[in-house]
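Below is one structure; the comments refer to it alone.
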Amino acid sequence: MEKSMKTNFEFLKERVVDSLNSTDLEFIRNELSKLEESTLFSGVGGSSVVSDFGAKVINAKNAIVSVNSEPRDFIYRNNNAFKNVVACSYSGNNYGVELSFLRGLKKYLLSNNSFDEKDVTYLKYDTNIDKERSFISLGATLIPASILMDYYLNGRDNPMLESIEEASFDFDLESDIYEIYSGYDTSTSSKYLESTMVESGIGIPIVHDKYAYCHGRSTLGINYNGIAIYYNRNTEFDELMLEELKQYYSRIITIDSKYEDQILDDYQMLVQSMYLSKYIAEKKNKDLSKVEYSPIVKKLYKYKGKI
């Protein structure tokens, strides 16, 4: 039986701490430090949150071009500008990994598993606590994000672990539409929230780039009654936006900055976003760990043909 959402959230921090203690972090740090040329990160579903974060960590830490990508894009894009690919997958054996490894780049796999492919560098993270069983990835998302955060922080885990605490929310669900205001600096957090809302069916998310909102996207809010979710990094622009949005939205939820460091801030905002999704699910009497998914999943999830 799948564990309930409540249980999986209760174990969230413990699972991260356990993985940090069980994993050969020195090996992973050493291998990531060797990424000196342009690198693609790839992941799908919950792992796309990890790959988005990984691309940002390597761009900031290694000072190289590092881009997140959907696995299918590898077939249609010219990848010659890139030298490495880091596929992110909890299981390590889905079709998305195969697609990411098609184009002759140097291969890395950030996963809970490793296999026998000699041309793949396995960045394996370990866990001793019983495996998370949940439709929406919580530990399976936050654990590898924490492994990447460990590399970024040079092994200093205090700021990271301090972030894994429950965020408190208290608001009525006045609409099923959520307009989410984000950008590159908070993309990992908003990607988790958008993906979770869609995959669990708890809401209809629309993600706005904050600056793009200034150029026409504001029309949506005067035609539909939505709830605004704003990733607030306390810039002058954020202050202006939050003041102006009060005129158009009866409900504005903020995910607030706590750190000046952009990467660390996105990590803690990811945790806050997880607890926001928990709050919305509870208000709707839904369990993120036991989602009643569409029957089409049985036909599409394991598809491995031409794509």
Side-chain angles (χ1 to χ4, degrees), residues 15-16 18-59 61-62 64-133 137 139-152 188 300-307:
R15 284 190 167 115
V16 170
D18 171 71
S19 183
L20 291 171
N21 289 333
S22 304
T23 298
D24 188 346
L25 296 175
E26 185 175 350
F27 171 79
I28 292 178
R29 288 185 211 127
N30 184 57
E31 291 301 319
L32 290 176
S33 71
K34 295 176 184 177
L35 296 175
E36 297 178 342
E37 297 181 281
S38 52
T39 300
L40 285 167
F41 274 75
S42 177
V44 68
S47 292
S48 69
V49 179
V50 179
S51 61
D52 182 86
F53 191 62
K56 293 166 69 171
V57 166
I58 296 303
N59 172 260
K61 180 80 171 178
N62 296 27
I64 62 172
V65 174
S66 182
V67 177
N68 185 36
S69 175
E70 292 290 339
R72 183 177 178 272
D73 292 349
F74 281 77
I75 297 173
Y76 296 97
R77 179 187 51 228
N78 184 329
N79 301 295
N80 291 336
F82 296 92
K83 303 302 180 184
N84 310 301
V85 56
V86 181
C88 303
S89 169
Y90 189 76
S91 67
N93 59 7
N94 66 46
Y95 191 36
V97 174
E98 294 180 36
L99 291 170
S100 303
F101 286 170
L102 281 178
R103 289 295 182 260
L105 305 178
K106 188 173 181 181
K107 305 169 188 175
Y108 296 81
L109 178 63
L110 179 62
S111 176
N112 189 229
N113 289 316
S114 61
F115 306 97
D116 297 324
E117 299 292 333
K118 294 182 180 179
D119 62 341
V120 177
T121 299
Y122 291 100
L123 309 174
K124 184 178 182 296
Y125 47 91
D126 296 312
T127 53
N128 292 318
I129 298 177
D130 60 318
K131 186 175 181 180
E132 177 186 53
R133 293 174 175 82
S137 299
T141 295
L142 196 59
I143 287 172
S146 301
I147 298 297
L148 291 161
M149 195 75 234
D150 168 83
Y151 169 64
Y152 180 76
T188 301
L300 299 184
Y301 186 77
K302 295 185 178 181
Y303 177 80
K304 289 192 175 185
K306 291 184 178 180
I307 199 165

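Note that this is a predicted model, so its numbers are computed, not measured.
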Please check if atom [atom1] in [X] has more than 12 non-hydrogen atoms from other residues, nucleotides or ligands closer than 6.0 Å.
X      : atom1 : result
Lys107 : NZ    : yes
Lys106 : NZ    : no
Glu117 : CD    : no

Is any side-chain N of the basic residue among Glu26 and Arg29 closer than 4.0 Å to the acidic one's carboxylate O? no

Under 3.5 Å donor-acceptor, [X] side chain and [Y] backbone:
X      : Y      : answer
Asp52  : Ala55  : no
Asn62  : Leu35  : yes
Glu37  : Lys83  : no
Asn128 : Asp126 : no
Arg15  : Thr127 : no
Ser111 : Lys124 : no

Test item: [X] and [Y] side chains (from C-beta on) under 4.5 Å apart, heavy atoms:
X      : Y      : value
Phe115 : Tyr122 : yes
Pro71  : Tyr95  : no
Leu148 : Leu32  : yes

Spatial distance of atom [atom1] ([X]) from atom [atom2] ([Y]) [nearest 0.5 Å]:
X      : Y      : atom1 : atom2 : result
Phe82  : Phe41  : CZ    : CZ    : 11.5 Å
Ile143 : Ile129 : CD1   : CD1   : 8.0 Å
Thr121 : Leu109 : OG1   : CG    : 10.0 Å
Asn112 : Ser19  : CG    : OG    : 7.5 Å
Tyr152 : Lys56  : OH    : NZ    : 10.5 Å
Leu102 : Ile75  : CG    : CD1   : 6.0 Å

Have [X] and [Y] got a donor and an acceptor in their side chains that come within less than 3.5 Å?
X     : Y     : result
Thr39 : Asn84 : yes
Ser51 : Asn68 : yes
Ser91 : Asn93 : yes

Using every non-hydrogen atom in the two residues, find where [X] and [Y] come nearest and quote the distance to one decimal.
X     : Y      : value
Ser47 : Ser89  : OG-CA, 3.6 Å
Leu40 : Ser69  : CD2-CB, 4.3 Å
Val50 : Ala145 : CG1-N, 4.4 Å

Going by side-chain contact (heavy atoms from CB on, under 4.5 Å), Ile147 matches just one of Thr23, Val16, Leu142. Which one? Thr23

Apply the test side chain to side chain contact (heavy atoms under 4.5 Å, CB included) to residues Phe74 and Ser42: give CA-CA distance (whole Å), side-chain angles for both, the deciding distance (0.1 Å), then the verdict. CA-CA 9 Å; Phe74 281 77; Ser42 177; 3.7 Å; yes

